[in-house]
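Report on the structure given below.
As the structure is a prediction and not an experimental result, all values here were calculated from the model. So that the names make sense, note that chain A is the first sequence line, chain B the second, and so on, each numbered from 1.
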Amino acid sequence: MEEKKKARSTEKKKGLPDLPNAQIGKVVLRYAPDPSKYPHIGHALNYMINELYREKYQGKAFLRFDDTNPQKVAREFYDAIRDGMKWVGCKWDEEIIASTKMELFYEKGRMLISNSDLYVCQCDQETIRKNREQMMECSCRVRSVEENLELFDRMIAGEFPVGSAVIRLKGDMRSKNAVMRDPVMFRLIDPQKTPHPIVGDKYWLWPTYDFESSILEKELGTTHVLRSAEFGTMRVELQSYLIKLLGGVPPVFHQYSRFRITGAITKGREIRELVEKGIVLGWDDIRLVTISGLKNRGIVPEVVKDLVLEIGITATNATIDWKKIETFNRRHLDASAPRLFTALDSVKVRVEESPVDQITLRYHPTNDSLGERTLSLTGDFFVSGHDVFSLSEGDVFRLKDLFNVRVVEIADVITLEYAGKELIPNTRKLQWVPVSQALSLEYTIPHSLINPDGSINENSLELRKGVIEDSITAFEVGSLFQLERIGFAKLNKRRDRVIYMHEIHK
RNA sequence: GCCCCGGUAGUGUAGUCCGGCCCAGCACUACGGGCUCUCGCCCCGUCGACCCGGGUUCAAAUCCCGGCCGGGGCACCA
């Protein structure tokens, strides 16, 4: 019994569950973002899910931009998405931009019209909506193939005003699934008013998502669609139906639930509001969970994988605690980040007759590859004000990794005296910065953007000052550190003798 | 309103298909302890859950029915 329990607990653990109908080497996946927003952690998770399955089955993956709504897509997002995917560590074999496949969509449109699967509908939007609700077919449905073909080409040519006609699928107006009730496959969009960032003002007639993605699913030979549940289960029937009409085999659809992050704003619209109101500094603000925000914050991409493996691809709504992200990140950073001494709200102390004038310290207690630095000492040090606060005259404490000191006098400058080199068990140990090697530190601490009551926290950036050892100048801007006894931090910039950093997390 | 889907400790999950090996496993958090020249990492321990009500059965987290709660969808968005 004991053994069985053990087997059960160790057997799982790593990796995502198997996909149905998946064979090594034959899986075809696609990342299908729509370039109308900056990618956030949710997209990162989606990318990673696909990436993990691509690896698991040694499959093929496409990056496919579903950019068939010129009213929404914008140039800047294509690169933001590519960058996000690269950061997360996703690989793709080929990139497809849907808007460059318009002739294919038209060709398939004509084919389906010829097969009487599509028809031109000239009812207005409201009528279409009502008819679908009441399961009623409209008279446009009986138009001849020839006439449909002619109208289709005239729509492509821009001869119809926007809104005056659409192309619909001859579905099933009596279906329980409302999506199957003759959905719109093409609609008119004025290219003069909203030119497309990739193809400009060339096209009037644009496929809808269901049509576009189904065509491309078939062309690409997609075997598995892994996406979040926001697409809805009703679309699966439609898209499968369309793919069959085109002579393809529908992929396996796997839709996992969306998730929330506690203390973070994940809705694109709300992030946009924060950016526009100037509450955050931009889409890459360190308080945001956009991919660029996380990257800026100092979250390492491995965390995305950790999260996916932890959450899996279940249908239940998951709430990710931001603390979880910190925990995962801390583990990665703990192994790789150099340690540095910092004193916040620094206070100067003087050690009289300091017997040591130089010391070499490792950047990491166990990671040899990070090397070491040598600090020269004059007897004058900075320590954190917070530490000094609780000191009384006569107290003995230790300057960490250096020697013990006894408090002689607490005045403007705190005077200490050397009190031995040997480590005394249970002594307090304070980190220190030699005055001769101290640079000013501007330390920003990000707090949650949301107050416990749900309102926006307008003061979510706390600024603290201190000093940091000048060893930091040996590192590049963007490097990640552990400031001992303070937290993990990222170097943002250096200006003259001032170092700018922010706290990634404790 | 109409369609789906889901509800296992504070959180995330395993188990549910094919009822017994589950008086429910793992991880994070919290708490306690150990290690450590960091308030970090690591190690050990403790608390803690099958939404509710019926039914089927020798036996139900697992099957059936009803309820409650949560999520998604029902666009000329993706």
Side-chain angles (χ1 to χ4, degrees), chain A residues 1 3-13 17 32-37 65-69 71-73 98 121 123-125 128-129 132-133 162-168 175-181 183-189 205-210 212-213 227-237 255 257-260 262 306-307 309-312 314-321 323-324 326-328 330-335 337 339 341 361 364-366 387 398-404 422-425 427-431 482-488 505-506:
Chain A
M1 172 165 168
E3 287 168 30
K4 251 181 185 167
K5 275 191 175 175
K6 211 168 200 174
R8 196 173 58 229
S9 61
T10 47
E11 137 193 3
K12 266 280 163 197
K13 211 69 175 166
D34 83 297
S36 69
K37 48 184 83 92
F65 288 103
D66 285 340
D67 60 346
T68 50
N69 184 354
Q71 294 174 328
K72 285 203 169 173
V73 302
C121 179
C123 299
D124 61 59
Q125 200 164 341
I128 291 175
R129 195 189 61 76
R132 296 183 77 194
E133 200 173 284
V162 168
S164 65
V166 292
I167 309 299
R168 290 223 266 165
S175 173
K176 259 177 85 175
N177 179 355
V179 166
M180 292 303 291
R181 314 219 267 252
V184 171
M185 298 284 102
F186 285 93
R187 80 292 205 191
L188 293 163
I189 295 171
L205 189 64
W206 289 86
T208 56
Y209 166 69
D210 288 305
E212 169 266 323
S213 75
R227 50 153 67 139
S228 89
E230 67 189 302
F231 293 93
T233 44
M234 291 155 88
R235 317 215 79 82
V236 170
E237 185 185 351
Q255 312 198 132
S257 171
R258 305 174 93 171
F259 61 92
R260 300 187 282 277
T262 53
D306 294 338
L307 287 171
L309 291 178
E310 160 118 358
I311 296 165
T314 61
T316 41
N317 320 301
T319 303
I320 298 173
D321 196 331
K323 273 199 287 191
K324 181 82 91 182
E326 295 187 348
T327 299
F328 283 139
R330 190 180 298 115
R331 283 191 192 152
H332 291 292
L333 256 34
D334 192 82
R339 269 71 166 158
F341 280 173
L361 297 174
H364 192 284
T366 55
D387 287 328
R398 186 173 178 84
L399 295 173
K400 185 173 178 288
D401 298 318
L402 228 199
F403 48 59
N404 308 315
E422 291 311 306
L423 194 58
I424 306 169
T427 341
R428 288 183 65 189
K429 300 172 197 81
L430 311 188
Q431 76 278 37
Q482 185 190 142
L483 305 182
E484 289 200 36
R485 304 203 309 139
I486 293 175
F488 290 85
H505 44 67
K506 296 280 180 220

Rounded to the Å, how far apart are [X] [atom1] and [N] [atom2]?
X        : N     : atom1 : atom2 : result
A/Arg485 : B/U38 : CZ    : C1'   : 7 Å
A/Leu333 : B/U38 : CG    : P     : 19 Å
A/Ile486 : B/C39 : CD1   : P     : 13 Å
A/Phe259 : B/U11 : CZ    : C1'   : 15 Å
A/Ile311 : B/U11 : CD1   : P     : 14 Å
A/Glu326 : B/U11 : CD    : P     : 19 Å
A/Lys429 : B/G40 : NZ    : C1'   : 14 Å
A/Arg398 : B/U36 : CZ    : P     : 14 Å

For A/Ser36 and A/Asp34, test the side chains for any donor-to-acceptor distance below 3.5 angstrom and give the result as yes or no.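 A/Ser36 vs A/Asp34: donor-acceptor pair found between side chains.
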What interatomic distance, in whole Å, is found between [atom1] of [M] and the corresponding atom of [N]?
N     : M     : atom1 : answer
B/U11 : B/C47 : C1'   : 15 Å
B/C31 : B/G73 : C1'   : 43 Å
B/G15 : B/G19 : C1'   : 13 Å
B/G54 : B/C50 : P     : 16 Å
B/C77 : B/G12 : C1'   : 31 Å
B/A24 : B/G32 : P     : 26 Å
B/U13 : B/G6  : P     : 14 Å
B/C74 : B/U16 : C1'   : 30 Å

Candidate nucleotides [options], ranked by approach to the side chain of [X] - the nearest:
X        : options             : value
A/Thr316 : B/C37, B/A78, B/U13 : B/U13
A/Arg235 : B/C37, B/C74, B/U11 : B/C74
A/Leu423 : B/G71, B/C37, B/U38 : B/C37
A/Val179 : B/C74, B/G40, B/C37 : B/C74
A/Arg331 : B/C39, B/A14, B/C28 : B/C28
A/Gln482 : B/U38, B/U13, B/A78 : B/U38
A/Met234 : B/G40, B/C39, B/G73 : B/G73
A/Arg258 : B/C28, B/G72, B/C4  : B/G72
A/Tyr209 : B/U38, B/G12, B/A78 : B/A78
A/Thr327 : B/A78, B/G71, B/C28 : B/C28

Per-pair stack call A/Phe231 and B/A78, 5.5 Å, 30°: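 According to the criterion (under 5.5 Å, under 30°), yes, A/Phe231 stacks.
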Name the nucleic acid region contacted by [X], choosing base, sugar-phosphate or nothing; use a 4.0 angstrom heavy-atom cut-off, strictly under.
X        : value
A/Ser257 : nothing
A/Asp387 : base
A/Ser228 : nothing
A/Lys400 : base
A/Thr366 : nothing
A/Asn177 : nothing
A/Gln431 : nothing
A/Val166 : base
A/Gly163 : base
A/Lys323 : sugar-phosphate
A/Asp334 : base

It should be established whether [X] places a side-chain nitrogen or oxygen under 4.0 Å from OP1 or OP2 of nucleotide [N].
X        : N     : value
A/Thr314 : B/G6  : no
A/Thr68  : B/A78 : yes
A/Arg330 : B/C41 : yes
A/Arg428 : B/C39 : no
A/Lys37  : B/A78 : no

Report the residue (A/Lys324 or A/Thr208) whose heavy-atom-nearest nucleotide on RNA chain B is the more 5′ of the two.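 The residue closer to the strand's 5' end, by nearest nucleotide, is A/Lys324.
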Taking the nucleotide of RNA chain B with the nearest heavy atom to each, does A/Ile320 or A/Phe65 sit closer to the 5' end?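 On the 5' side of the pair lies A/Ile320.
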Side-chain contact, heavy-atom cut-off 4.5 Å: [X] with [Y]?
X        : Y        : result
A/Thr233 : A/Gln255 : yes
A/Arg331 : A/Asp306 : no
A/Ile189 : A/Asn69  : yes

Whether the side chain of A/His332 engages the backbone of A/Ala337 through a donor-acceptor N/O pair (distance < 3.5 Å, no angle test) should be reported.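 No.
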For the side chain of A/Arg258 and the backbone of A/Ala229, is there at least one donor-acceptor N/O pair under 3.5 Å apart?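 It does not hold such a pair.
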Looking only at non-hydrogen atoms, find the nearest pair between [X] and [Y] and report the distance.
X        : Y        : answer
A/Met234 : A/Asn177 : O-ND2, 3.0 Å
A/Leu430 : A/Arg428 : CD2-NH2, 3.8 Å
A/Asp66  : A/Tyr209 : OD2-CE1, 3.6 Å
A/Asn404 : A/Glu422 : ND2-O, 2.7 Å

Basic-acidic side-chain contact under 4.0 Å: A/Asp124, A/Arg129: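 No, A/Asp124 and A/Arg129 are not salt-bridged.
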What's the separation between atom CD1 in A/Ile311 and atom CD1 in A/Ile320, rounded to the nearest 0.5 Å?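 Nearest 0.5 Å value for the CD1-CD1 distance: 3.0 Å.
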With pairs defined as Watson-Crick or G-U wobble and both distances under 3.5 angstrom, please note down RNA chain B as a dot-bracket string, | for pairing with another strand. (((((((..((((......[....)))).(((((.......)))))....(((((..]....))))))))))))....
